[in-house]
*Asks:* 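Starting off with a structure, shown below.
In what follows, chains are A, B, ... by sequence order, proteins preceding strands, each numbered from 1. What you see below is based on every heavy atom in this structure, not just the backbone, and it leaves out hydrogens, waters and symmetry mates.
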Amino acid sequence: MSKFSGSSPITYKLDTDMTTNTSSQTPHVQFNGVQKSYDGTSLVVKDLNLSIAKGEFLTMLGPSGSGKSTCLMMLAGFETATCGTISINGRPINDTPPHKRNIGMVFQNYALFPHMSVADNLAYPLKVRKIDKDESAERVSKALDMVQMLDFAPRRPGQLSGGQQQRIALARALVFEPELVLMDEPLGALDKQLREKMQYEIKHIHQRLGVTIVYVTHDQSEALTMSDRVAVFNDGIIQQLASPADLYERPENSFVAQFIGENNQLAGTVKEITDDEALISLKDGGEVLATPVKIGKNPIGENTLLSIRPERVILNPTDERIKTLAGDVLELIYLGDHIRCRMLVAGNDQFIVKIPNRAENIGLSVGEKIKIGWQAKDCRALDAV
Amino acid sequence: MSKFSGSSPITYKLDTDMTTNTSSQTPHVQFNGVQKSYDGTSLVVKDLNLSIAKGEFLTMLGPSGSGKSTCLMMLAGFETATCGTISINGRPINDTPPHKRNIGMVFQNYALFPHMSVADNLAYPLKVRKIDKDESAERVSKALDMVQMLDFAPRRPGQLSGGQQQRIALARALVFEPELVLMDEPLGALDKQLREKMQYEIKHIHQRLGVTIVYVTHDQSEALTMSDRVAVFNDGIIQQLASPADLYERPENSFVAQFIGENNQLAGTVKEITDDEALISLKDGGEVLATPVKIGKNPIGENTLLSIRPERVILNPTDERIKTLAGDVLELIYLGDHIRCRMLVAGNDQFIVKIPNRAENIGLSVGEKIKIGWQAKDCRALDAV
Amino acid sequence: MSFPPYATTGDKIWYYAFRIFSVLIFVFLLFPLLVIIPLSFNSGEMMHYPLQGFSLQWYQDFFGSQRWATAIKNSAIIGFFSMILATILGTVAAVGINRADFPGKQLLLALLISPMMIPLVITALALYLFYGKIGLNDSYLGLIIAHTILGMPFVLITVSATLQGFDYNLMRAGASLGGSPIHVFLNIVMPNIAPGVASGAMFAFATSLDEVVVVLFIAGPEHRTLPRQMFSGIREQLSPTILAAATVLIVVAALLMLVLELLRKRSERLNKPIEGEDA
Amino acid sequence: MSFPPYATTGDKIWYYAFRIFSVLIFVFLLFPLLVIIPLSFNSGEMMHYPLQGFSLQWYQDFFGSQRWATAIKNSAIIGFFSMILATILGTVAAVGINRADFPGKQLLLALLISPMMIPLVITALALYLFYGKIGLNDSYLGLIIAHTILGMPFVLITVSATLQGFDYNLMRAGASLGGSPIHVFLNIVMPNIAPGVASGAMFAFATSLDEVVVVLFIAGPEHRTLPRQMFSGIREQLSPTILAAATVLIVVAALLMLVLELLRKRSERLNKPIEGEDA
């Protein structure tokens, strides 16, 4: 799982009900035709089918109101599914109350018990399970040690900083050794630097313990950093379920392309199509090559939205196969490790190119006109929204 | 101001009391030996000297408690300086009450008047200035138009989203045409995407109107994106005052290097020194070249902290002048536009290398051992903390 | 309320226990009050059921007779002036205490709300002895001051609560936009704390209208208020006119509660957290 | 308080006006109360200054005589039981109302706190008539029920306020960690709302200890409480023993206020926002 090689070689499968590489076993968690409606008319979650393998780190990513949190709450037992079944290890759990599901959970606001010391917070699930004092104390110490908070055992949660509380919440969700841990935007309340640090810590703990983690967030970079697979939610539906690299490199529709990472969009129509390349004529003139992804059966003449990442745009390309467009440099912003260049390209004045700031001077200036282009495989022709 | 060229050619001057390129005029804002203490013993702001030119976008950047907000509050008149003078256009304003300073201000929580409509909020400063109804209405419309909120004039602030309220707060601070506008972490309450969008909007408005803006933030990427110059605060002192590019490329001390952008640190001692290069021997063995910046007069044998940006590290360098170190790849994280590689280098297991993800496969894997190096000019030998 | 499929027996017991509790509270609390209202429309002199017929004669007596008219007038005068004074004093005290930080702040606050905590009989006794010295017994002024003291803590508390939710940055924003401190206080602060001030005023009025112990101690015969008149009515000659008076007071109390609720709603609406696209 | 260099005349006027106000409030509020206490230690029978000498005779009379002893006993019994009942009912009602969302919730809430708003004379009258029918006048039970009704709204309000600050995610966290609903209620919810429950209980006790109007209506001679005994003491034979009783009640009230303040502090400490390195 920790091995990873560049532009990932994992092939993408279309069915959202796919199982991972451990597909020979029963999936650890399975959503089967799950729907949820609060008011009886509109569905917040529409026909969810999802299998999560044992030991997987799966992230539910989406904007607020996309249904991702509702799914987590149904899995935790705090919401009931309107229809469909949710199973753990093949056993339906719809009728199991939350306190009998044996699922660890980390909440956004930590939900530490303010009237108990840190040690008592961690001992609570062990006390409920009637584990004897000595073993309980030992397990609490071990869990605190794991999150490097052993010295804080006698403190009250109110005496800790946000990041420290986060660690305690994590330790408490793991101390009773659940096989499944849910995390509901656990890092949402932390500042950026601490959030990134905790992302790596959680990832490392996951790798060490091998528990299954279902993680909910609206932060795409968090999802990319931590997950084995990401389910991108929008409008109550999983738009794409894939590995981080696949999501970024091969988005299946405009929503995913736009939501994951930065993205330039250009509208055009399909002019010609060959094996794995399409010739697209843009609205404002000019023709470019792209990889056809989500265009109809008889695509010639259809509208499409091209999606190209800012860092994949090539300035003054030398490769002769690349079709070029004219671009006007409108703005240059220095951002430390890269320079952000806003251009006017084919009528779009928000066309962004990221130029790495690697010592060599790029010698661009505002007002300049240059040629830009890209490899056909880096540009994807998606559904016109 | 909008012209910008790569690794910026602006030369850095050491004195913090420097004036910008418009130095022939009186500075618009001047802090002169300003100190502030709340309790009479410890100083929150220590001997601040700072000149801000007319039309400049100056950002005060620093961690919380560094004194940056206190400086802004003294300029606004909500705090009084314990000693020193603050002048606007050469005239001391220490004795002017806040409502007579004619300074626009944008607050972090927007501070819109909840009992007034958006239009009445904007009309308030005009009403106080006894500007007649017709002209007031026209100016309010113009200001709302500038922030694309003309349609929201009759609404109450409570009916607007955070981003919309932010726009109204901005328009209200500008509607009475102050020459100086202060912004106190105005984007702190917005989510990441909206925050970035608003950064560009504020920058564009600044370029269009030519007002002087003093901006306070703790977010270094915000400071880099927006500012003409950035004053990095820590511990009540300006650590460095420079353009964004200078701050990133040529930090003067370890605090600035660490606070602005990502940074790898390696401890070592100075072994040899030539014109503009120093040979540093690292704690865990190995020798590298660096640019000496903040080391004493007789530097040989002194301790230093090397600072090198993750994106300036070269993997398997071919240039023979570059001295290399051995690195173990510990972790590879896919982040869309780049891959983040954590390595063990010279005893530091948090050594980060950013590898741009530009189509070509990087072919690295966890556990691999490779050689790394850098150009001497990309590595700075700073003060050992 | 529908139970989730896994509701335990405990959940259900709790649910039904709460239902039964509610009904019991209802019976002991509302029933006695509800009994009064129909009796006030009874055509007979008897103050018990069954009713003998419908009549408004007790209301005519209440609004028509000299002694009740005096009581209504006294309650109105004392209630009005003590409300005004309590509101001004309470608001000033709340703003002063919430703005500044000074030693003894907690003590001053405790002192100012002490009339709520000290047994009324004692306040009444103290005022009776004190007024005896300075000649304020048997006077409107004495009663108004007494009710001001009793009503002021309510204003202090409601205004303080509103000020807790008041964003002092609004005052800074007003100043930065050019408003002088007085202009800002009148145009920015006051409109935002008005619901709290008005609630406090309502409470102060209700307190005065309700209060009988202090009146019993320090009021002469010509300063009898409504509750005082009802009290002696019961002692001297129990007639259904008292029930008519009670019904009228219940209606007034209900109206005051309604106004308070509307003020609360309004203030909640103004201070509601921001919802929007970028939530 | 030091003025900033640019303080306007308006600022200074406001500042001194607030000072003068404070002093005035102080004189009218605290002075009458302070007068009582020294007089209770006077060796003479006269209830005015100058004092004739120091003596504890009135305290001996208060704690020694039969009628005052009965009054102390009655106040303690009625106060204790009505506090217990009001606390249980108020807590159950607060938890029930804050947890569930049901039609008529606002109405039920208004009903439950109505005893605070309805003039005491009317509640007393209604209970007097109602108790007459069911034979509860002149009984401990009747008085305890009446004071429970009057004290319950305070418990409801303080517990509700505490529940507003209570994070319901703690209940979910408890469940996810394996705690059954009852275990979570007792071990997670109760300890966190305990300060509110205790404050409510204090208020309920203070209400019962203070209340005299309802007692005047429904209590017989053998159920006279302390305030009732003081009231008749003033009517029948004014002696400095009443001042001793008043002083004792003031001390009790002050102690209750102190306990409330400590509870508030404790609850504030538990709920204080998080401070830390990453603020």
*Asks:* Looking at every heavy atom in both C:Ser180 and B:His99, which two are closest together, and how far apart are they?
*Replies:* CA-CD2, 3.6 Å

*Asks:* Less than 4.5 Å apart, any side-chain heavy atom of B:Phe107 and any of C:Leu170?
*Replies:*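 The answer is no; the side chains never approach within 4.5 Å.
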
*Asks:* Are there more than 12 heavy atoms of other residues, nucleotides or ligands under 6.0 Å from atom CZ of C:Phe81?
*Replies:* no

*Asks:* Return the option, out of B:Asn109, B:Asn102, B:Leu126, B:Val106, with the maximum number of heavy-atom pairs under 4.5 Å with chain C.
*Replies:*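 Top option by heavy-atom pairs under 4.5 Å: B:Asn109.
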
*Asks:* Distance from C:Ile188 atom CD1 to B:His115 atom NE2, nearest 0.5 Å?
*Replies:* 5.0 Å

*Asks:* Take a 6.0 Å sphere around CZ of B:Arg208 and say whether it holds more than 12 heavy atoms from other residues, nucleotides or ligands.
*Replies:* yes

*Asks:* Once rounded to the nearest 0.5 Å, what's the spacing between atom CG of C:Asn187 and atom CG of B:Asp120?
*Replies:*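 Rounded to the nearest 0.5 Å, the CG-CG separation comes to 11.0 Å.
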
*Asks:* Pick whichever of B:Pro125, B:Ala169, B:Ala173, B:Pro178 has the most heavy-atom pairs under 4.5 Å with chain C.
*Replies:* B:Pro125

*Asks:* Show the nearest heavy-atom pair for residues B:Phe78 and C:Ala175, with the distance to one decimal.
*Replies:* CE2-CB, 4.1 Å

*Asks:* So, taking the atom named CZ in B:Phe113 and the one named CG in C:Asn192, what distance separates them when rounded to the nearest 0.5 Å?
*Replies:* 9.0 Å

*Asks:* CG of C:Asn169 to CD of B:Gln108: how many Å apart, nearest 0.5 Å?
*Replies:* 9.0 Å

